[in-house]
Asker: 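What follows is a single structure, and I will ask about it in a moment.
Order of listing sets the numbers, starting from 1, for every ligand and every atom in it.
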Amino acid sequence: MEEKKILGITDELLEKCVRCGSCRQVCPVFNVTHEEPSVARGKIFLADMVNKGKVKLNKEIAGFFNLCTTCLRCAEICPVMVDYERIIISARAFAAKEVGLSPEKKAAIKLFSNRELLETVGKLTAPLTKLFTKNSKSPGNRLLPVKLPKLGKVLIPQIKPKPFNSKDKIFPAKGEEKGKVLFFTGCMFNNFYTETAENTVKVLNALGYTVFVPREQYCCGAPAFFAGDLETFSKMKEKNLRGFANTEVDFCITACATCGHVLKKEYSELPFPVKELIEVLFENLEEIGKWKYPEKLKVTWHHPCHIVRGQKIPRSYPVDVLKVLQKVEFVPMEEADNCCGMGGSFKLSHPQISREIQLKKARNTDKTGADAVLTECPGCVMNIAEGLERIDSRVKSLHISDLLAKCLE
Ligand code: SF4
Ligand code: SF4
């Protein structure tokens, strides 16, 4: 077996790239910057040089490794199937050790990896957020009342004063029980979108699943993993695995694309299989076909990167689900699978590039003439809601659980 070098990966992995440049056509970051280090080819070249010891890693090169939303569009189009995610995470892990993490990444990891801290911040900031922000057109989101220079309207994530999983909870299935599932709520549902968490449970109960929400669960570790802080990621993973050790369920469900991607790929030791909500909805098309939205509604769909490329879930699943719903009309969006620009802490570290990607997504959404854009990732919901506000669109951004729960009222 070939020896692993400086980045902890083999030269073979890096030399697989044939420098064809196909990734330039699809990279959302390159599309904004038009600079070679923004695209996979440029980063792989730099990683290869560092791995072979031909170039010494410095802050500038580390910065290029971070100039990426990890949307995986490059990996999908690559004719030789370069394992881009492995390369970029290894490069970032080395960079984190050698030159350290940026202050915004450090702060995000500190907050998300400490459940008690996140809950305390929620308790302290919730009244202030309510006082100093206003409602967005997309329900459940708050905006600063003034526009910021260069950025325009800014959406403020609301940390709820009480987490969704404040204690162990069991929600029994409606009617005959099809199975028992563990809802991996992750930090976005536990601490930010608690109403969407409730709606996800309602939907699963209506489909015949008893839902268990354990208190003993933590952030999946994605913020640390994608930043290259693999030590913190391992600690988060261990805590979750310990919490789930004696849990007997048919499967675990996530309604966040990134949690699903990370659990499926990095948590092979879990004692149960993992399913993304959209997979369960697709398995229950017949039942969902009986559901009716209270009024006529035109909707479109945004494909989260970590569902279609991270987990390789077919793009047809959400479309089929939306098409069977009564009173709901589905209209397709141009480049529905392009990144929304969030990319975890990418939005914090590269606000201007992230904004350009976000605005493109918002314009494509607005062009559909839909009343709402749906998706299955709280991060995407939040970022698209902000983009739509920035272009003064009438379209609302919603999680699919919020739409489905309305059909059950
Ligand atoms: S598409 Fe693949 S092989 Fe081609 S330049 Fe990009 S990473 Fe390299
Ligand atoms: S993961 Fe996305 S943003 Fe990063 S290099 Fe590939 S296409 Fe570009």
Side-chain angles (χ1 to χ4, degrees), residues 7 9-52 60-93 95 102 105 222-223 225-228 257-258 261-262 265-266 302-312 315 335-361 364 377 379-380 383-384 387:
L7 298 182
I9 46 179
T10 61
D11 286 340
E12 195 186 356
L13 195 73
L14 294 152
E15 286 166 0
K16 212 172 167 191
C17 171
V18 291
R19 316 250 186 267
C20 67
S22 303
C23 44
R24 288 165 65 118
Q25 298 158 28
V26 293
C27 176
V29 177
F30 180 77
N31 201 279
V32 176
T33 64
H34 303 287
E35 286 168 2
E36 184 67 10
S38 310
V39 77
R41 182 173 70 175
K43 284 190 251 288
I44 293 169
F45 174 75
L46 287 171
D48 193 27
M49 293 293 105
V50 174
N51 207 37
K52 289 183 170 129
E60 193 186 10
I61 295 176
F64 291 137
F65 291 152
N66 286 320
L67 189 55
C68 166
T69 67
T70 60
C71 73
L72 304 178
R73 286 193 107 198
C74 50
E76 188 178 47
I77 201 172
C78 180
V80 291
M81 293 189 288
V82 164
D83 189 349
Y84 175 75
E85 191 174 38
R86 182 143 172 240
I87 293 172
I88 202 67
I89 299 299
S90 306
R92 285 179 178 183
S102 64
K105 277 189 201 278
F225 179 75
F226 287 106
T258 302
H261 174 48
V262 169
K265 206 163 170 215
E266 305 296 328
H302 159 72
H303 291 294
C305 304
H306 289 161
I307 286 190
V308 290
R309 288 178 288 276
Q311 299 177 57
K312 298 192 171 44
R315 288 159 173 79
E335 291 195 86
D337 65 355
N338 199 11
C339 180
C340 71
M342 182 91 169
S345 55
F346 180 81
K347 187 180 163 86
L348 296 174
S349 56
H350 300 86
Q352 289 303 336
I353 301 171
S354 168
R355 184 179 187 272
E356 290 304 312
I357 303 170
Q358 177 200 51
L359 291 180
K360 187 176 180 194
K361 173 60 64 181
N364 280 337
C377 176
C380 301
N383 202 38
I384 297 173

Asker: What are the atoms of ligand 1, with element, lying closer than 4.0 Å to any heavy atom of V80?
Answerer: 3 (S)
Asker: Report yes if the side chains of N31 and Q25 come closer than 4.5 Å at any heavy-atom pair, otherwise no.
Answerer: no
Asker: So which protein heavy atom does atom 4 (Fe) of ligand 2 come closest to, and at what separation?
Answerer: C68 SG, 2.3 Å
Asker: In the protein, which heavy atom is nearest to atom 2 (Fe) of ligand 2, and how far is it?
Answerer: C71 SG, 2.3 Å
Asker: Just wondering, do H306 and P304 contact through their side chains at under 4.5 Å, heavy atoms?
Answerer: no
Asker: Which ligand 1 atoms, with their elements, are less than 4.0 angstrom from a heavy-atom of P79?
Answerer: 1 (S)
Asker: Give me the residue, atom name and distance of the protein heavy atom closest to atom 8 (Fe) of ligand 2.
Answerer: C27 SG, 2.3 Å
Asker: If you measure from each heavy atom of V29 to ligand 2, is any distance below 4.0 Å?
Answerer: yes
Asker: Evaluate the side-chain proximity of Q358 to I384: yes if any heavy-atom separation is below 4.5 Å, no if none is.
Answerer: no
Asker: What residues, two or more places apart in sequence or in another chain, satisfy ring pair (Phe, Tyr, Trp, His ring centres under 6.0 Å) together with F65?
Answerer: none
Asker: Using every non-hydrogen atom in the two residues, find where C27 and V39 come nearest and quote the distance to one decimal.
Answerer: CB-CG2, 3.8 Å
Asker: Please name the pair of heavy atoms, one in F225 and one in E266, separated by the smallest distance, quoted to 0.1 Å.
Answerer: CZ-OE2, 3.5 Å
Asker: Quick one: does N66's side chain get under 4.5 Å of F346's, heavy atoms only?
Answerer: no
Asker: Applying a 4.0 Å heavy-atom criterion (strictly less than), which segment of L72 is in contact with ligand 2: side chain, backbone, both, or neither?
Answerer: backbone
Asker: With a 4.0 Å heavy-atom cut-off (strictly under), which part of I88 contacts ligand 2: side chain, backbone, both or neither?
Answerer: neither
Asker: Under 3.5 Å, side-chain donor or acceptor atoms of residues 68-88 against the rest of the protein: list the pairs with distances, not counting sequence neighbours.
Answerer:
| residue | atom | partner | partner atom | Å |
| --- | --- | --- | --- | --- |
| T69 | OG1 | C71 | N | 3.4 |
| R73 | NH1 | V26 | O | 3.2 |
| R73 | NH1 | N338 | OD1 | 3.1 |
| R73 | NH2 | D337 | OD1 | 3.3 |
| E76 | OE1 | R315 | NH2 | 3.2 |
| E76 | OE2 | R315 | NH1 | 3.4 |
| E76 | OE2 | R315 | NH2 | 2.9 |
| D83 | OD1 | R86 | N | 3.3 |
| E85 | OE1 | H261 | NE2 | 3.3 |
| E85 | OE1 | K265 | NZ | 2.6 |
| E85 | OE2 | H261 | NE2 | 2.9 |

Asker: Looking at every non-hydrogen atom in both residues, tell me the closest pair between K361 and A336 and how far apart they are.
Answerer: NZ-O, 3.3 Å
Asker: By residue and atom, what protein N/O/S atoms are less than 2.8 Å from atom 6 (Fe) of ligand 1?
Answerer: C23 SG
Asker: What side chain to side chain donor-acceptor pair (under 3.5 Å) pairs are there with at least one residue in residues 340-352, not counting sequence neighbours?
Answerer: K105-S345, K347-N383, K347-E386
